[in-house]
Each structure stands twice: as C-alpha cells, then as structure tokens.
Amino acid sequence: MTPDPGSQHPRFADFRRAAGQGGQAGQGRQDAVAFIPPPPAASARFPDAPPAGPGPARRADAPKAPGTESADAALRIPPRPSAPPAGAPRRTAVPEQPHNEPTTRLRPVRDEEPVGWAPPSGPSRRSIDALDQALGTHPGRPYVTFAQPETYHPETYDPAAHPRTGRQRVVAATACVVLGLGLISGAVTGSWLIGDSGEESRRGSFAAAGELWHTVPVDQLFPPTIEGDGAGPGGADRVWTRIAVAPDSGCRDAFDPLLRKALSSVGCLRLLRATYTDATRSHVTTVGLLFTNGDAAAMASLKSRFEKDGLDRRTDLMPLPYAAKGTVAARFGADERASWTLSVLTDAPVVVYAVSGFADGRTITEPQPAEEAMKSGATTAPAQSGLGHEAQGLADRVERGFRRTVSAAGDEPS
C-alpha cells in the first residue's frame, strides 16, 4: 500500500512517537489528539463561510441567519401576473431596456394595436373637406394639382388614349414656325456675310498668285530635284533633275503662232521655264508657268474653251521646248517634241504646261498628247518610251508646288 504523502511531515512523526510511548491505548489517543495542528486562519482566498449561490432548499419556517435577507430577495420568484379580464385587448409585454446596457437591442414589434387606440373619426386631414374646414372656405372649392408628365414609349403610345387639346396644338405649331423662320433668317444672313468675305478672300488670293513670279525664288517654283513617286509607266518611280532655267521673258519665242493666238485672250505677263532630265539622261522635258493678265472670269472662259474645242490635244498648238546650250537638252527643238500637256488654272492667272522629247535629238513624226500616250495599250513612240508620263508627271508636281506657295503666301500676315 502506498504511504500517504502527509505521513512524511515532521509533526506527524512526533505524533506517532507519542502514540507509541503511552502505556495505555486511551492515553496514547489523547496524546495524539493533543498534537493535531489547529486549522489555518481564515483569509480572503479561503473564507470560513460557504460561498453565496444556489444551494439546497431551505424550509420557510427555518430561522434566517443574519445578513441573508438580501440574498433571499434576489432568489425570490416573482408572482405570476393575474389573467386579464375577458374582452380586454391583449398586450404584448416588452422587456424594459436596462440603463447600463452598452448596446441597443431589437425590441419586438407589437402585433396588436395599443390599448385605448381607435381609428380617427371624421374626414381625413388630407381630404378636401378637411382642408375646407381648416381654411374656413366654402365646400366644393376647386382643388388644384400639378399635371403629370408625359412618360410613354413612342411604340406603345396611343394618340387616341391621350388626345391633345386644340390650344396645345396651336402653341406647338406657332413655336415651330417661329423657330423655323429664325433658323432660316440666320442661315441666310450668315451665308450672305460669309459669301462676301469668301469672295473678297478669293479675289485677294487670285491677285496675290499673279504677283508671285517676281517675289518667289526660282528654286521654290522649279526645285533642283523633283521626285515622282509612281509617275512612270506601270507606277514606276521617277526622279527628275533640273539642267537649265530660262530667263523670265515674254511669250513670243515660247509658243507656236496658233497657240500664242489662243492664249491672247488672257495676255502674257511673264513666262518662267526650266528643263529637266530623267535619271537615265535619255529624256528631256521643259516645264513652264505662264503668268497672264486675265482675271478669274477670263481664266474660266479660257479653260472652258480649251476643254470644249480640244485645243489642248491639237499638235499645232504645242508649246516650244527650252533647249539650253551645253546640256543634254541642246538638241531638243520643235521637231523633237514627242508629248505635251497644258492646264489652265482658274484660281490663279497661270497656265501650266510641259513638253517632252528624246535627249539624242530624235525626230518625232507623230507627237501625242500626254493623256493619250499614258493610256494602256498605246503603241506610239511617245507611249512606248514613257514620254507621256514624263510630261504629265513634271507638270503635275510643278503645279502642286505652285499651289502650296500660293497657300503659304495667303497665310502670311499682311
């Protein structure tokens, strides 16, 4: 048997020794009792009284210990409430919220009306009769309300169910007429003002273009090198190099007599010319800018005449080339002309033209306009050699450069 751990205490050994020395059993027990240690003193952690709390039921007639009245009051069961009298409305008990509760609990909603509640009698406070009584007016007064907005879908709207009054139709029609007249008058006024301004601008630009011949550098009108992307036969690229620039002069030695006569209606103010060659130096082309004395109406009339009578396709109305001495174009004369083009501008008093031929002085018996020489399937010498593309390509790019120069001059502040 395992010895009790408490038997190893020193005072317990004294107890056993005293019990063994006594002569009699009774005397030994008395001496042993004398050696039993007293209980420890009461403290806060080990009180003498049992803890307060629920315990065994105590009889009602048992004497109460001092200080137990408050504990009995806490344990006292409250009496059950008596049943309400018959016919009285039920009331749901709502527990009161403790004052020291840190949060707000959800309270149950009353299922029934409170005691003593009854629906109000008499007219509603929002009815017309109630308003009449409050304002002291006569019964039957008109009740004014705001009209409801029209909220409907165009596809589901039924005009018969929502007819418009005649007054509304008249007002809407009048508003549309007034608005339409205002828009029309504003457009007419704006067009009139803009028309005058645009006409003056065009006149100023037309006159400024006629004065560029003595203010613009020659390299800007006839660049030393002109690139013609896709300007050759079959969309081949071309590069032309300027080999000579003719001094500005009149038109006596620049055109055949018939062409000079055809251009006499607009006059000849100044003629600027330059001759180019291609990358192979086998073709030569002279391009020119003829500044006239004509106004916009005269230039428009001249253009219409050339297009109507086909003057730009007649071989007896070809421009003359500029054969600069000491260049590959030295032998480029009247008999070596193979293809040409001529364009009369209407936004500037200028005629742009170009004439092409072979650099070796080859005579051409059947010259052909550039428009026809560029057609697919053409078998003439100008068409087969691409001289039509040479004349048209150079004329187009010189004209584009001139228009850019005119536009830039018009944007400059006067």
Side-chain angles (χ1 to χ4, degrees), residues 212-228 231-233 236-257 259-260 263 268-291 315 317-343 350-368 370 373 381-382 384-402 405:
L212 291 178
W213 63 271
H214 59 78
T215 58
V216 178
V218 65
D219 288 347
Q220 190 170 345
L221 296 176
F222 301 115
T225 302
I226 298 178
E227 296 182 358
D237 296 337
R238 284 288 188 268
V239 178
W240 297 284
T241 303
R242 189 184 69 192
I243 58 177
V245 177
D248 54 336
S249 62
C251 301
R252 183 179 296 276
D253 300 329
F255 304 112
D256 287 339
L259 181 58
R260 187 167 61 249
L263 298 173
C268 178
L269 178 63
R270 187 65 57 178
L271 177 62
L272 306 180
R273 296 177 294 173
T275 300
Y276 288 82
T277 185
D278 66 338
T280 63
R281 299 179 70 86
S282 59
H283 300 156
V284 288
T285 305
T286 297
V287 60
L289 294 173
L290 170 62
F291 289 83
T315 57
L317 296 176
M318 288 190 297
L320 291 173
Y322 173 64
K325 295 179 180 181
T327 65
V328 296
R331 290 183 292 176
F332 186 29
D335 296 336
E336 289 74 31
R337 293 176 293 180
S339 185
W340 81 98
T341 181
L342 188 146
S343 176
V350 176
V351 177
V352 183
Y353 71 89
V355 56
S356 62
F358 290 101
D360 57 3
R362 189 183 315 176
T363 302
I364 304 298
T365 57
E366 295 180 3
Q368 192 176 20
Q384 293 293 328
S385 61
L387 289 174
H389 292 80
E390 298 287 321
Q392 189 66 55
L394 264 173
D396 288 345
R397 281 148 183 82
V398 170
E399 179 180 343
R400 294 174 192 174
F402 174 75
T405 302

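None of the values given here were measured: they were computed from a predicted structure. All values below were derived from every heavy atom in this structure, side-chain atoms included, with hydrogens, water molecules and symmetry-related copies excluded.
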Asker: Is the shortest heavy-atom distance from the side chain of V350 to the side chain of W213 under 4.5 Å?
Answerer: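 Side-chain contact under 4.5 Å: no.
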
Asker: Among residues two or more places apart or on two chains, list those pairs meeting salt bridge (charged side-chain N to carboxylate O under 4.0 Å, His left out) that have a residue in residues 384-400.
Answerer: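 Only R238-E390, E399-R403 qualify under salt bridge (charged side-chain N to carboxylate O under 4.0 Å, His left out).
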
Asker: Give the minimum heavy-atom separation between P382 and S339, together with the two atoms involved.
Answerer: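 Looking at all heavy atoms of both residues, the closest pair is CB-CB, 4.3 Å.
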
Asker: For D360, which residues count as a salt bridge (Lys or Arg N to Asp or Glu O under 4.0 Å) partner, sequence neighbours excluded?
Answerer: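 Partners of D360 by the salt bridge (Lys or Arg N to Asp or Glu O under 4.0 Å) criterion, ordered by chain and then number, come out as R362.
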
Asker: For a 4.5 angstrom cut-off between non-hydrogen side-chain atoms, does T225 reach V239?
Answerer: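 In short, these two side chains touch, coming nearer than 4.5 Å.
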
Asker: Could you pull out the closest heavy-atom pair between F332 and P321, with the gap in Å?
Answerer: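 Heavy-atom minimum between the residues: CE2-CB, 3.2 Å.
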
Asker: Between D278 and H283 (side chain of the first, backbone of the second, donor and acceptor by atom type, cut-off under 3.5 Å), is there such a pair?
Answerer: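 Here the side-chain-to-backbone pair exists.
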
Asker: Kindly give the heavy-atom pair with the smallest separation between T327 and A324, and that separation in Å.
Answerer: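 Smallest heavy-atom distance, with atoms named: OG1-O, 2.7 Å.
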
Asker: Hey, does Y276 have a side-chain heavy atom less than 4.5 Å from the side chain of P223?
Answerer: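 Yes, side chains in contact.
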
Asker: What's the shortest heavy-atom distance between L387 and F358, and which atoms?
Answerer: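 Where L387 meets F358 most closely, the heavy atoms are CD1-CE1, 3.6 Å.
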
Asker: Report the C-alpha distance between V352 and F402 in whole Å, list the side-chain angles of each, state the deciding distance to 0.1 Å, and finish with yes or no for side chain to side chain contact (heavy atoms under 4.5 Å, CB included).
Answerer: CA-CA 10 Å; V352 183; F402 174 75; 5.7 Å; no

Asker: Using a distance-only test with no angle check, is there a side-chain donor-acceptor pair under 3.5 angstrom linking T286 and T275?
Answerer: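 There is such a pair (donor and acceptor under 3.5 Å, judged by atom type) between the side chains of T286 and T275.
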
Asker: State, to 0.1 Å, how close W240 and G228 come at their nearest heavy-atom pair, and which atoms those are.
Answerer: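 Minimum heavy-atom contact is CZ3-CA, 3.6 Å.
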
Asker: Got a donor-acceptor contact below 3.5 angstrom from the R273 side chain to the G288 backbone?
Answerer: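 No; zero donor-acceptor contacts below 3.5 Å.
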
